[in-house]
Amino acid sequence: MHVLHSHSPPPSLRVGLLEGIWGVITLVESCFTDWNATLWRDINLENMELGCKKFVNGIRGLGKEMGAWGAFAGLVYTVKNMVTLLRAVGELQNPAIRDRHWEQLMQATQVKFVMSEETNLADLLALNLHNFE
């Protein structure tokens with residue numbers, strides 16, 4: 001007789017949980033890929049922050065059973081990093097930001113880039129701003 005541990009969901013439930021988490025991961029990755037192509041001047045922080053809030057709520061709804069899963073931890077990490085990046089982008093979009101501030105940012109992050117009309121969210125993500133919160 002096979003005895004399931006109380007902390008281990010039955011296999012059919014685990015399959016459902018896996019499908020659920022991978023569905024959310026696919027949705028988040030697809031959305032973030034689209035956002036990454038957004039040009040600096042076209043970044044709509046309000047919409048992106050609202051999207052992240054929806055992702056956070058969706059993640060919370062996945063269930064505590066997934067807390068120890070690597071896929072779950074990776075998903076949480078990815079969304080938290082985007083939330084942090086968006087907060088930093090909001091600060092960087094302030095009209096008071098000057099070239100010297102960008103220079104200080106590049107020094108702190110040790111990433112060189114040229115701010116131009118083609119600069120997009122992915123370029124800012126490459127600065128790893130979530131590490132400097």
Side-chain angles (χ1 to χ4, degrees):
M1 178 170 147
H2 186 272
V3 177
L4 291 176
H5 298 283
S6 63
H7 59 78
S8 178
S12 61
L13 180 58
R14 281 190 297 235
V15 170
L17 292 173
L18 280 171
E19 288 173 347
I21 194 167
W22 284 110
V24 174
I25 288 170
T26 301
L27 179 64
V28 167
E29 286 181 347
S30 173
C31 186
F32 286 4
T33 297
D34 289 346
W35 290 359
N36 284 340
T38 305
L39 296 176
W40 164 253
R41 67 178 179 271
D42 297 331
I43 293 173
N44 184 327
L45 284 176
E46 192 173 317
N47 285 344
M48 290 179 179
E49 287 172 340
L50 181 62
C52 282
K53 285 180 185 176
K54 288 180 182 178
F55 291 140
V56 168
N57 289 336
I59 291 168
R60 285 185 185 139
L62 288 173
K64 293 181 182 179
E65 299 87 6
M66 292 185 223
W69 295 4
F72 183 83
L75 176 61
V76 169
Y77 178 80
T78 299
V79 173
K80 281 184 178 181
N81 287 349
M82 183 59 79
V83 168
T84 302
L85 172 65
L86 293 176
R87 207 170 322 147
V89 167
E91 292 175 19
L92 293 171
Q93 285 183 332
N94 184 327
I97 297 292
R98 302 287 181 241
D99 287 342
R100 65 185 165 88
H101 297 114
W102 286 104
E103 290 293 328
Q104 290 170 346
L105 181 64
M106 287 186 279
Q107 274 184 333
T109 61
Q110 299 181 348
V111 175
K112 296 288 182 194
F113 75 99
V114 176
M115 192 62 157
S116 71
E117 293 295 316
E118 281 77 46
T119 300
N120 60 27
L121 191 62
D123 296 325
L124 298 174
L125 192 58
L127 292 172
N128 293 315
L129 297 175
H130 58 276
N131 292 328
F132 299 92
E133 183 178 32

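Heavy-atom basis, side chains included; hydrogens, waters and symmetry copies ignored.
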Exercise. Cluster question for you: counting only ILVMFWY and a side-chain heavy-atom cut-off of under 4.5 Å, with indirect links fine, are Leu121 and Val111 together?
Worked result: yes
Exercise. Would you say Tyr77 and Trp69 are hydrophobically clustered, going by side-chain heavy atoms of ILVMFWY under 4.5 Å?
Worked result: no
For this session: Evaluate side chain to side chain contact (heavy atoms under 4.5 Å, CB included) for Glu29 paired with Asp34, printing each intermediate quantity in order.
Result: CA-CA 9 Å; Glu29 286 181 347; Asp34 289 346; over 6 Å; no
side-chain contact (heavy atoms from CB on, under 4.5 Å) involving [X] - partner list, sequence neighbours excluded:
X: Leu105; value: Leu92, Trp102, Thr109, Leu127, Leu129
X: Ala126; value: none
X: Trp22; value: Leu18, Ile25, Ala71

Exercise. For the side-chain contact (heavy atoms from CB on, under 4.5 Å) test, which of Asp123, Asn120, Leu124 pairs with Trp40?
Worked result: Leu124
Problem set entry | Pairs satisfying salt bridge (charged side-chain N to carboxylate O under 4.0 Å, His left out), at least one member in residues 89-105, at least two apart | none
Please set out all donor-acceptor pairs under 3.5 angstrom arising from side-chain atoms of residues 46-63, sequence neighbours excluded.
{"residue": "Asn57", "atom": "ND2", "partner": "Lys53", "partner atom": "O", "Å": "3.4"}

Exercise. With a 4.5 Å heavy-atom cut-off, do Glu19 and Val24 have their side chains touching?
Worked result: no
For this session: Supply the atom-to-atom distance Leu125 CG to Trp35 CH2, rounded to the nearest 0.5 angstrom.
Result: 12.0 Å
Exercise. Taking atom CD of Gln93 and atom CG of Leu86, what is their separation to the nearest 0.5 Å?
Worked result: 9.5 Å
For this session: Dump the intermediate steps for side chain to side chain contact (heavy atoms under 4.5 Å, CB included) on Asn81 and Leu85, then the final yes or no.
Result: CA-CA 6 Å; Asn81 287 349; Leu85 172 65; over 6 Å; no
Exercise. Among all residues two or more places apart in sequence or in another chain, which pass the side chain to side chain donor-acceptor pair (under 3.5 Å) test with Arg41?
Worked result: Glu117
Exercise. Does Thr38 offer a backbone N or O that forms a donor-acceptor pair with the side chain of Asp42 under 3.5 Å?
Worked result: no
Problem set entry | Donor-acceptor pair, side chain of Ser30 and main chain of Leu27, under 3.5 angstrom | no
